[in-house]
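Data block below; observations after.
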Amino acid sequence: MTHLWVRAEQRANEERVGLTPQGAGALIAKGIRVTVEDSATRAIPIAGYRAAGCDIAPENSWPEAPRDAIIFGLKELPEDGSPLPHRHIMFGHAFKGQHSGRALLERFRTGGGRLYDLEYLVDDNGRRVAAFGYWAGYAGAAVTLKAWTAQQRGEICGPVGVYADKDALLDDLGADLDALTCDFPSALVIGALGRVGSGAGDLLQTLGIAVTKWDMAETAHGGPFPEILGHDIFMNCIFARPGTPVFVPESAKSAPRRLTAIGDVACDPDSDYNPVPVYDRATTWQAPVLRVHDAPVLDVMAIDNLPSMLPVESSQDYAEQLLPTLLTLGDLSAGVWARAEAEFNQHVQDL
């Protein structure tokens, strides 16, 4: 019997989950055994999974799970160097030149396990079957806007946290904007036609921010892109890959510009293909922005688990998208799963 083991997330500020109780019930009805670890932080209570017929395991007990179990989580595993003998479904961040990814792949190679990277679960047309993109863009734009409003007060953006829902988030941002004594900012979103860019654009436009929307047609010439420097806020909503142009070069820090706040939702600072190479590390909930230049000011928001700010809505949306693929877990040798395994095998071979 196929056995899916939903692990608790071990990262701070991570309350999301990729499977709802309703989805777990559908898997069980399909003949798939589902174990869900207890969690002190998961946004969806464990009672719903128990009622759906799931087995309940202690928090963070997945290393002792049966070897044939498929371990399902979202964010990264503890970086303890231990071999990984299981099959894992998660965001590995290991296939795009990330320097930290090599260590993860080495752990799989040593342990004999496999990684089915959620970012590389794609259909026959190469489109991802599920993504948190919309909510990443939505929350990313929110934090970047908070960074800009903090600048208007002569401050740097303070800690951010979880919101009960998007209405609570909008109310908070609205209060920041109402307190302004200057005009609202202008924003440019690259990747505006995608899921991430749509979320960013929706958040900003809902609050009355003027948004310039760019996608592939506007960036096809490869740069430079002086228009970005003519906006107050820039949102990078495309993921780095070979051939991605540089949108904001290092020289922009000291260049004449209106731009003071960058939201890099893709957040790949250690990638060889980073299109916003003005910063060198991700930011955090406690310190949401990195000030990369003082005169004129330039802050970068690069939080890499943005949808966790709205954990219930983002979990429900993502889980609904992913469920049809999880229902095919009984045959990992075909379709979405086979493509993901081939991607993993290629990158392990390239080590």
Side-chain angles (χ1 to χ4, degrees), residues 1-7 9 16-36 54 62 65-77 84-96 98 101 104-105 108-109 111-136 191 193-196 198 238-242 266 268 307 314-350:
M1 174 185 287
T2 301
H3 184 186
L4 183 67
W5 185 292
V6 181
R7 61 177 169 87
E9 298 295 329
R16 292 174 297 166
V17 62
L19 182 69
T20 63
Q22 294 79 6
L27 293 177
I28 292 168
K30 184 81 170 180
I32 296 172
R33 179 184 176 188
V34 180
T35 297
V36 179
C54 300
W62 61 266
R67 288 295 172 89
D68 64 349
I70 302 167
I71 312 300
F72 177 29
L74 296 178
K75 299 304 286 186
E76 65 269 20
L77 302 172
L84 296 171
H86 292 95
R87 294 167 293 177
H88 283 257
I89 303 171
M90 66 176 183
F91 288 106
H93 301 295
F95 297 163
K96 294 191 296 183
Q98 297 98 326
L104 177 64
L105 294 177
F108 276 109
R109 182 162 69 174
R114 290 180 224 131
L115 169 63
Y116 297 91
D117 195 304
L118 288 164
E119 190 174 338
Y120 292 83
L121 299 185
V122 297
D123 62 19
D124 292 339
N125 297 315
R127 181 174 173 80
R128 288 172 63 178
V129 299
F132 281 104
Y134 181 86
W135 296 105
L193 298 182
R195 287 184 270 212
V196 179
S198 294
I238 68 165
F239 292 101
R241 59 182 183 270
D268 267 335
S314 61
S315 292
Q316 290 172 339
D317 181 25
Y318 185 81
E320 182 179 357
Q321 296 174 55
L322 186 62
L323 182 59
T325 299
L326 292 178
L327 287 166
T328 68
L329 275 172
D331 185 6
L332 294 176
S333 65
V336 171
W337 303 109
R339 285 187 285 272
E341 183 171 352
E343 189 79 31
F344 166 73
N345 289 338
Q346 182 61 55
H347 284 87
V348 169
Q349 182 179 322
D350 292 343

| said: Under a 3.5 Å distance rule, please check whether Ser315 uses its side chain to pair with a backbone N or O of Val17 as donor and acceptor. | reply: yes
| Between Leu27 and Leu323, does a side-chain contact (heavy atoms from CB on, under 4.5 Å) hold up when you go through it step by step? | CA-CA 8 Å; Leu27 293 177; Leu323 182 59; 4.1 Å; yes
| field | CZ/Arg241: more than 12 non-hydrogen atoms of other groups inside 6.0 Å | value | no
| message | Can you tell me how far apart CG (Leu74) and CD (Glu9) are? Round to the nearest 0.5 Å. | response | 4.5 Å
| field | Under the ring-ring contact (aromatic ring centres under 6.0 Å, His included) test, residues paired with His88 that sit two or more places apart | value | Trp62, Phe108
| Reported CG-to-CZ distance for the pair Leu115 and Phe95, which is rounded to 0.5 angstrom | 4.5 Å
| request: Assess the side chains of Asn345 and Gln349: does a donor N or O sit below 3.5 Å from an acceptor N or O? | output: no
| message | To check you understand the geometry: which heavy-atom pair defines the closest contact between Ala340 and Leu121, and what is its length? | response | CB-CD2, 3.6 Å
| query | Looking only at heavy atoms, which two atoms of Ala266 and Ile238 are closest? And how far apart? | reply | CB-O, 3.1 Å
| Closest approach of Phe132 and Pro307, non-hydrogen atoms and distance? | CB-CG, 3.8 Å
| request: Before giving the answer on side-chain contact (heavy atoms from CB on, under 4.5 Å), spell out for Arg87 and Leu329 the whole-Å C-alpha distance, their side-chain angles and the decisive distance to 0.1 Å. | output: CA-CA 12 Å; Arg87 294 167 293 177; Leu329 275 172; over 6 Å; no
| Could you state the interatomic distance from OG1 (Thr2) to CG (Asp331), rounded to the nearest 0.5 Å? | 9.0 Å
| Atom CD1 in Ile32, atom CE in Met1: separation rounded to 0.5 Å? | 9.5 Å
| Salt-bridge criterion met for Glu341 and Arg114 (N-O under 4.0 Å) | yes
| request: Measure from the side-chain N and O atoms of His86 to the backbone N and O of Pro66, and report whether any donor-acceptor pair falls under 3.5 Å. | output: yes
| query | Between Asp123 and Arg339, is there a side-chain N and carboxylate O pair less than 4.0 Å apart? | reply | no
| request: Evaluate the side-chain contact (heavy atoms from CB on, under 4.5 Å) criterion for residues Arg7 and Leu77: first the C-alpha distance (whole Å), next the side-chain angles of each, then the deciding distance (0.1 Å), finally the verdict. | output: CA-CA 10 Å; Arg7 61 177 169 87; Leu77 302 172; 3.4 Å; yes
| task | Kindly give the heavy-atom pair with the smallest separation between Leu322 and Gly18, and that separation in Å. | result | CD2-O, 4.2 Å
| message | Which label fits Tyr116 and Trp337: parallel for a plane angle under 30°, tilted from 30 to 60°, or perpendicular past 60°? | response | perpendicular
| note | Rounded to the nearest 0.5 Å, the CG atom of Asp317 sits from the CD atom of Gln321 at a distance of 4.5 Å
| note | For Leu104 and Ala94, the nearest pair of non-hydrogen atoms, with its separation, is CD2-CB, 4.3 Å
| message | Between Asp117 and Glu119 (side chain of the first, backbone of the second, donor and acceptor by atom type, cut-off under 3.5 Å), is there such a pair? | response | yes
| request: Supply the atom-to-atom distance Thr35 OG1 to Ile71 CD1, rounded to the nearest 0.5 angstrom. | output: 8.5 Å
